[in-house]
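Values in this document were obtained by computation on a predicted structure and should not be read as measured data.
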Amino acid sequence: MIKAAGKPHTEPRTIHIKARRSGTAFQDMLQKDQEKHSRDRFDAMLLKMEDQAGRLARSGTARDLQDYKNLVADFLKTAVAFTLKREESRSGHRSGAEKVHQLVRKTDKELAALTEEVLTDQKGLSVMRRTGVIKGLLVNVYT
């Protein structure tokens, strides 16, 4: 390496900064890809829940209710883990955790009301309305 007299050689620093920027761009791209994959997975889970909600509204059986509740529980477990992980990586603390926990509590209350409706032989429209409210809460968890 030959340096010009009186001028410091800055090339290594420039390369280091460029490498650092490309690493950040790659991380951003990777994070966006992971979020898209997660959204696709959540959308598939929601579709499965909608199908099960339709079965539950038609049949009103305890088995269909249990299957629906299991799907909701799986969704919540996955969504809460994803949401809290995302909040921690963005802000460094769990500021969004309370919102998520409030939505989970509301979802639990709606599931309890749904269970009561199914056990008292209510079907159809009231079950679909209740599962629609639950779906809305679940969408709020991961958005």
*Flag the pair R130 / E110 as yes when at least one side-chain heavy-atom distance between them is below 4.5 Å, and no otherwise.*
yes
_For a 4.5 angstrom cut-off between non-hydrogen side-chain atoms, does E50 reach L47?_
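Sidechains of L47 and E50: in contact.
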Say you draw a straight line from [atom1] of [X] to [atom2] of [Y]; how long is it, rounded to the nearest 0.5 Å?
| X | Y | atom1 | atom2 | result |
| --- | --- | --- | --- | --- |
| L56 | M49 | CG | CE | 13.0 Å |
| K69 | D108 | NZ | CG | 9.5 Å |
| L71 | L76 | CG | CG | 11.0 Å |

Examine [X] and [Y] and state if one hydrophobic cluster contains both, with Ile, Leu, Val, Met, Phe, Trp and Tyr joined whenever side-chain heavy atoms are less than 4.5 Å apart.
| X | Y | answer |
| --- | --- | --- |
| V133 | L119 | no |
| M45 | L114 | yes |
| L46 | M128 | no |

*If you measure only the distance, is there a donor-acceptor pair under 3.5 Å linking the side chains of R55 and Q52?*
yes
Closest non-hydrogen atom pair between [X] and [Y], with its separation:
| X | Y | answer |
| --- | --- | --- |
| V118 | G60 | CG1-O, 3.4 Å |
| I134 | Y68 | CG2-OH, 3.6 Å |
| V72 | T107 | CG1-CG2, 4.0 Å |

*asked:* Between the side chains of K36 and D40, is the shortest nitrogen-to-carboxylate-oxygen separation below 4.0 Å, so that they form an ion pair?
replied: yes
*Please walk me through it: do R63 and D67 pass salt bridge (charged side-chain N to carboxylate O under 4.0 Å, His left out)?*
CA-CA 6 Å; R63 179 67 189 161; D67 289 346; 3.4 Å; yes
*asked:* According to side chain to side chain contact (heavy atoms under 4.5 Å, CB included), who are the partners of N140, at least two apart in sequence or on a separate chain?
replied: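 Applying side chain to side chain contact (heavy atoms under 4.5 Å, CB included) to N140 gives L103, T143.
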*Report the C-alpha separation of K32 and H37 in whole Å, then their side-chain angles, then the decisive distance to 0.1 Å, and conclude whether the side-chain contact (heavy atoms from CB on, under 4.5 Å) test is met.*
CA-CA 9 Å; K32 286 179 184 178; H37 176 71; over 6 Å; no
